[in-house]
Amino acid sequence: QVQVVESGGGLVQAGGSLRLSCAASGRTFSRYAMGWFRQAPGKEREFVAAISWSGGSTYYADSVKGRFTISKDNAKNTVYLQMNSLKPEDTAVYYCAAKPIVTMIEEATWRSGTWEATKYDYWGQGTQVTVSS
């Protein structure tokens with residue numbers, strides 16, 4: 001069983017920055033594709049960013065492109081989401097998700113829909129990010 005734990009949320013003023021961390025258990029973290037999603041009150045969960053198991057490919061929602069950066073440190077079993085120029089509309093609970101990648105078919109399937117929550121097998125409990133205006 002893979003455990004996914006987010007940290008780093010908090011309260012920040014508009015224009016500020018936060019870095020979220022996500023630690024995932026398992027000896028094969030280097031083979032996990034990872035994603036960040038968020039859910040604001042009264043809204044559906046939405047895709048934020050994703051990174052391939054190798055870290056060589058990254059994907060972003062249009063709403064965060066140029067402001068957020070996802071990165072992966074396989075030595076630390078951790079994925080990060082650096083969030084800059086935060087806006088009040090970024091306020092949400094942020095979730096980290098993991099998808100173990102074993103075969104080329106699995107990788108291709110994941111790449112075909114990195115923004116889809118159903119492409120991920122393991123989820124964290126979420127961390128709250130609040131951006132004040």
Side-chain angles (χ1 to χ4, degrees):
Q1 185 71 15
V2 175
Q3 289 188 319
V4 179
V5 180
E6 307 95 337
S7 61
L11 173 64
V12 64
Q13 288 188 331
S17 298
L18 278 177
R19 187 176 80 159
L20 304 183
S21 298
C22 171
S25 65
R27 293 177 296 175
T28 57
F29 177 80
S30 61
R31 297 293 301 190
Y32 294 171
M34 304 293 294
W36 286 97
F37 291 75
R38 67 186 182 187
Q39 187 167 17
K43 295 187 176 181
E44 294 186 352
R45 189 172 298 190
E46 64 174 3
F47 170 73
V48 176
I51 189 166
S52 62
W53 66 267
S54 66
S57 298
T58 56
Y59 307 84
Y60 296 94
D62 288 342
S63 59
V64 307
K65 203 171 292 184
R67 299 187 299 122
F68 291 11
T69 302
I70 188 170
S71 61
K72 194 169 183 270
D73 187 337
N74 287 331
K76 295 183 178 180
N77 283 15
T78 302
V79 64
Y80 303 97
L81 185 67
Q82 177 66 44
M83 305 185 295
N84 299 328
S85 302
L86 282 161
K87 305 175 181 180
E89 51 264 43
D90 294 319
T91 295
V93 177
Y94 283 70
Y95 297 90
C96 180
K99 170 61 183 177
I101 302 293
V102 177
T103 68
M104 293 179 64
I105 292 177
E106 287 177 333
E107 181 162 13
T109 301
W110 175 78
R111 287 183 183 270
S112 70
T114 62
W115 60 91
E116 298 175 357
T118 55
K119 292 292 193 294
Y120 299 84
D121 296 334
Y122 303 99
W123 291 80
Q125 294 299 307
T127 185
Q128 176 70 47
V129 171
T130 303
V131 184
S132 63
S133 57

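Residues take their numbers from the sequence shown, with the count starting at 1.
Without hydrogens or angle criteria, E6 side chain to G126 main chain gives a donor-acceptor distance under 3.5 Å. The backbone N or O of Q3 sits less than 3.5 Å from a side-chain atom of S25, completing a donor-acceptor pair. Under a 3.5 Å cut-off, the side chain of Q39 and the backbone N or O of A92 do not form any donor-acceptor pair. Not a single donor-acceptor pair under 3.5 Å links the side chain of T130 to the backbone N or O of T91. Of the possible donor and acceptor atoms, one in the side chain of K72 sits under 3.5 Å from a partner among the backbone N and O of W53.
With hydrophobic clusters built from ILVMFWY side chains whose heavy atoms lie under 4.5 angstrom apart, V48 shares a cluster with V129. Under the 4.5 Å side-chain heavy-atom criterion for grouping Ile, Leu, Val, Met, Phe, Trp and Tyr, I51 is connected to Y60 within one hydrophobic cluster. Grouping the Ile, Leu, Val, Met, Phe, Trp and Tyr side chains by contacts below 4.5 angstrom, directly or via other members, places I70 apart from Y80.
With values rounded to the nearest 0.5 angstrom, T78 atom OG1 is found 12.5 Å from L20 atom CG. To the nearest 0.5 Å, the span separating CD on Q13 from OG on S133 amounts to 9.5 Å. Here the CD atom belonging to E107 is positioned 7.5 Å from the OG atom belonging to S57, to the nearest 0.5 angstrom. To the nearest 0.5 Å, the span separating CD on Q82 from CG on L18 amounts to 8.5 Å. In this structure, the separation between OG1 on T58 and CE on M34 is 14.5 Å, given to the nearest 0.5 Å.
Residues that satisfy the side chain to side chain contact (heavy atoms under 4.5 Å, CB included) test with S85, not counting sequence neighbours, are R67.
Applying the salt bridge (charged side-chain N to carboxylate O under 4.0 Å, His left out) test to pairs two or more places apart or on separate chains, none has a residue in residues 11-26.
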Show your working on side-chain contact (heavy atoms from CB on, under 4.5 Å) between C22 and V4 and close with a plain yes or no.
CA-CA 7 Å; C22 171; V4 179; 3.3 Å; yes
Evaluate F37 against Y120 for ring-ring contact (aromatic ring centres under 6.0 Å, His included), listing each step before the verdict.
CA-CA 11 Å; F37 291 75; Y120 299 84; 5.4 Å; yes
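Of the options W36, W110, F47, W115, a ring pair (Phe, Tyr, Trp, His ring centres under 6.0 Å) to Y59 is made by W110 and by none of the others.
The closest side-chain heavy-atom distance from K119 to T109 is below 4.5 Å. For the pair R111/S52, a side-chain contact is recorded, criterion being any heavy-atom separation below 4.5 Å from C-beta on. Within the 4.5 Å cutoff, no side-chain heavy atoms of S63 are placed close to those of E89. V12 places none of its side-chain heavy atoms less than 4.5 Å from the side chain of S17.
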Could you pull out every donor-acceptor pair under 3.5 Å between side chains of residues 93-102 and any protein atom, sequence neighbours left out?
from: Y94; atom 1: OH; to: R38; atom 2: NH1; distance (Å): 2.9
from: Y94; atom 1: OH; to: D90; atom 2: O; distance (Å): 2.6
from: K99; atom 1: NZ; to: D121; atom 2: OD2; distance (Å): 3.1

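Within a 6.0 Å sphere centred on NZ of K43, other residues, nucleotides and ligands contribute 12 heavy atoms or fewer.
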